[in-house]
Amino acid sequence: MRMHSHALLVVLLCSLLAGAGNAEPSPDPTYKDCHPGDKAALLAFKAALGEPYHLSGWTSDSPCCDWNGVTCDHFTGRVVSLAVFQDANITGTIPSALAGLPHLQDLTLRHLPLLSGPIPPAIGKLSNLSSLRISWTAVSGPVPSFLGSLKKLTFLELSFNSLTGAIPASLGTIPNLSGINLSRNRLTGAIPMFLSKSADQVYLWLSHNNLTGPLPAGFAAVNFAHLDLSRNDLTGDASGLFGRGKELQYIDLSRNDFDFDLSGVVLPEQLYFVDVSHNAIHGSIPAQVANLSNLQFFNVSYNKLCGPVPTGGNMARLNLYNFQHNKCLCSAPLPPCKK
């Protein structure tokens with residue numbers, strides 16, 4: 001009986017091994033062609049741009065997941081990323097055919113100097129977008145309020161364009177928006193409260209616009225890591241941006257009309273870049289500046305500061321350029337303080 005059982009086990013094992021040898025290999029889950037609807041939308045996008053040479057590899061008989069600038073989800077075949085950049089020959093407006101890519105998570109249109117016209121409502125239908133970059137183009141018109149409907153957006157870059165008007169307050173309804181770059185446009189009006197107070201680190205670039213008025217009071221509670229508000233016409237007290245325990249590493253407030261007392265400001269320990277030049281800041285330079293271990297750049301020139309420049313530590317690497325044209329700053333590298 002025992003011999004019979006052993007023989008039966010041998011037969012079963014051989015059968016299993018034979019079956020395994022003849023089994024079909026598992027199919028590759030990686031799609032080579034995207035969803036037919038996505039492919040049709042991409043071809044319509046290409047046609048609307050005048051069939052540019054940069055996209056000549058986009059053909060109906062080739063797998064669109066292999067197309068230049070297109071990324072598909074490996075398991076569903078849906079297009080999740082589209083990047084078109086560095087082509088001075090692409091002309092026209094942003095095609096509304098983008099609305100046919102409902103699973104798109106990342107859209108980049110960058111360094112396309114002849115791409116013009118407004119940001120189309122089709123962008124507002126891409127509800128899965130987490131990153132939107134339209135920069136270094138001739139795109140004009142307002143920053144559209146319908147961008148506030150993109151609730152999954154975490155990063156928005158619309159820099160180096162010709163956008164005008166105010167920053168829409170609707171951006172403040174996007175719960176996890178923690179990176180915004182609207183620099184180098186022609187934006188006007190006050191800055192609305194449009195950033196998450198719960199994000200671990202927030203990055204904001206608004207430089208080189210025509211923004212006016214004071215900062216939102218809520219900015220004091222935002223955990224900025226990188227903040228550039230330079231070259232606007234902003235006013236009022238910006239001291240709330242600083243403070244002990246904040247994650248702030250880079251801050252540029254230069255060439256505005258901020259007016260606050262620098263004396264009592266506590267600078268975050270992480271700071272490596274500080275430019276508050278060309279404002280109306282008064283008081284004295286905090287002695288703490290000399291002991292910031294990461295500090296690489298510090299400029300308080302063209303303000304209304306008084307008192308001695310701190311000594312020791314980081315101060316040896318700074319020169320007259322960093323302190324010039326203040327009301328009554330004194331001591332090296334400036335002239336000695338009067339007794």
Side-chain angles (χ1 to χ4, degrees), residues 25-139 141 143-158 161 171 174-177 179 181:
S26 299
D28 184 354
T30 303
Y31 278 75
K32 292 299 182 183
D33 209 356
C34 60
H35 185 276
D38 292 356
K39 189 170 192 176
L42 290 170
L43 291 173
F45 173 85
K46 174 190 173 187
L49 292 176
E51 303 288 338
Y53 177 76
H54 183 80
L55 305 180
S56 59
W58 292 19
T59 60
S60 58
D61 58 350
S62 61
C64 56
C65 290
D66 291 338
W67 290 355
N68 181 38
V70 176
T71 303
C72 296
D73 182 276
H74 290 308
F75 294 96
T76 66
R78 303 308 299 250
V79 173
V80 293
S81 177
L82 174 61
V84 180
F85 53 90
Q86 292 186 325
D87 190 332
N89 298 311
I90 287 181
T91 60
T93 59
I94 299 174
S96 294
L98 287 171
L101 299 171
H103 292 262
L104 202 62
Q105 299 172 20
D106 188 337
L107 174 61
T108 299
L109 303 173
R110 188 176 176 88
H111 285 287
L112 306 173
L114 299 182
L115 188 68
S116 59
I119 298 173
I123 300 288
K125 297 179 180 179
L126 301 175
S127 60
N128 285 300
L129 271 187
S130 61
S131 175
L132 174 61
R133 294 175 173 89
I134 302 172
S135 61
W136 296 87
T137 74
V139 167
V143 177
S145 59
F146 59 70
L147 293 181
S149 66
L150 302 176
K151 302 305 183 187
K152 294 183 180 180
L153 205 62
T154 59
F155 186 80
L156 173 65
E157 180 180 0
L158 302 175
N161 294 303
L171 295 181
I174 304 175
N176 297 310
L177 186 60
N181 189 349

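Nearest heavy atom pair, residue V84 against residue F45, reads CG2-CE2, 4.0 Å. The shortest non-hydrogen separation linking F146 to P120 is CZ-O, 3.2 Å. Among all heavy-atom pairs drawn from A41 and L101, the shortest one is CB-CD2, 3.9 Å. Of all heavy-atom pairs between A97 and A44, the closest is CB-CB, 3.7 Å. The shortest heavy-atom contact between P118 and V139 is C-CG1, 4.4 Å. Contact detail for A99 and L126: the closest heavy-atom pair is CA-CD2, 4.2 Å.
Applying the 6.0 Å contact sphere to CZ of F155 captures more than 12 heavy atoms from other residues, nucleotides or ligands.
Atom-to-atom distance recorded for N68:CG and S56:OG is 9.0 Å, nearest 0.5 angstrom. Within the model, atoms OG1 of T59 and CH2 of W67 stand 6.5 Å from one another, a figure rounded to the nearest 0.5 Å. In this structure, H35 NE2 and T76 OG1 are separated by 9.0 Å, a value rounded to the nearest 0.5 Å. Distance CD1/I90 to CG/D87: 4.0 Å, rounded to 0.5 Å. Going from atom CZ of F85 over to atom OG1 of T108 covers 8.0 Å, rounded to the nearest 0.5 Å.
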Criterion side chain to side chain contact (heavy atoms under 4.5 Å, CB included) on V79 and T71, from CA distance to verdict: CA-CA 6 Å; V79 173; T71 303; over 6 Å; no

Residue pair L82, L42: steps toward the side chain to side chain contact (heavy atoms under 4.5 Å, CB included) verdict: CA-CA 9 Å; L82 174 61; L42 290 170; 4.2 Å; yes

T93 vs L115, side chain to side chain contact (heavy atoms under 4.5 Å, CB included): CA-CA, chis, key distance, verdict: CA-CA 6 Å; T93 59; L115 188 68; 5.8 Å; no

Check against side chain to side chain contact (heavy atoms under 4.5 Å, CB included), L147 and L132: CA-CA 10 Å; L147 293 181; L132 174 61; 4.0 Å; yes

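With S130 contributing its side chain and L153 its backbone, the two residues share no donor-acceptor pair below 3.5 Å. Between the side chain of N161 and the backbone N or O of I134 there is at least one donor-acceptor pair closer than 3.5 Å.
A 4.5 Å side-chain heavy-atom check between H54 and Q86 finds every atom pair outside the cut-off. For the pair S81 and V70, the minimum side-chain heavy-atom distance is 4.5 Å or more. For the pair D33 and K39, the minimum side-chain heavy-atom distance is below 4.5 Å. Residues D38 and R78 are in side-chain contact: their nearest non-hydrogen atoms beyond the backbone lie under 4.5 Å apart. Residues P95 and L49 form a side-chain contact, since some pair of their non-hydrogen atoms from C-beta on lies under 4.5 Å apart. Proximity of I123 to L98: side-chain heavy atoms (C-beta onward) are separated by under 4.5 Å at one or more points. In this structure, the side chains of T137 and L114 stay at 4.5 Å or more apart for every pair of heavy atoms. Side-chain atoms of N128 and V80, non-hydrogen and from C-beta on, never get closer than 4.5 Å to each other.
W136 meets the ring pair (Phe, Tyr, Trp, His ring centres under 6.0 Å) test with H111, F160; sequence neighbours excluded. Every side chain to side chain donor-acceptor pair (under 3.5 Å) that K46 has, sequence neighbours left out, goes to E51.
Distance check for C65 and C34: the SG atoms are not under the 2.5 Å cut-off.
Between the side chains of T154 and N176, no donor N or O sits under 3.5 Å from an acceptor N or O.
Note on residues 87-107: no pairs pass ring pair (Phe, Tyr, Trp, His ring centres under 6.0 Å), not counting sequence neighbours.
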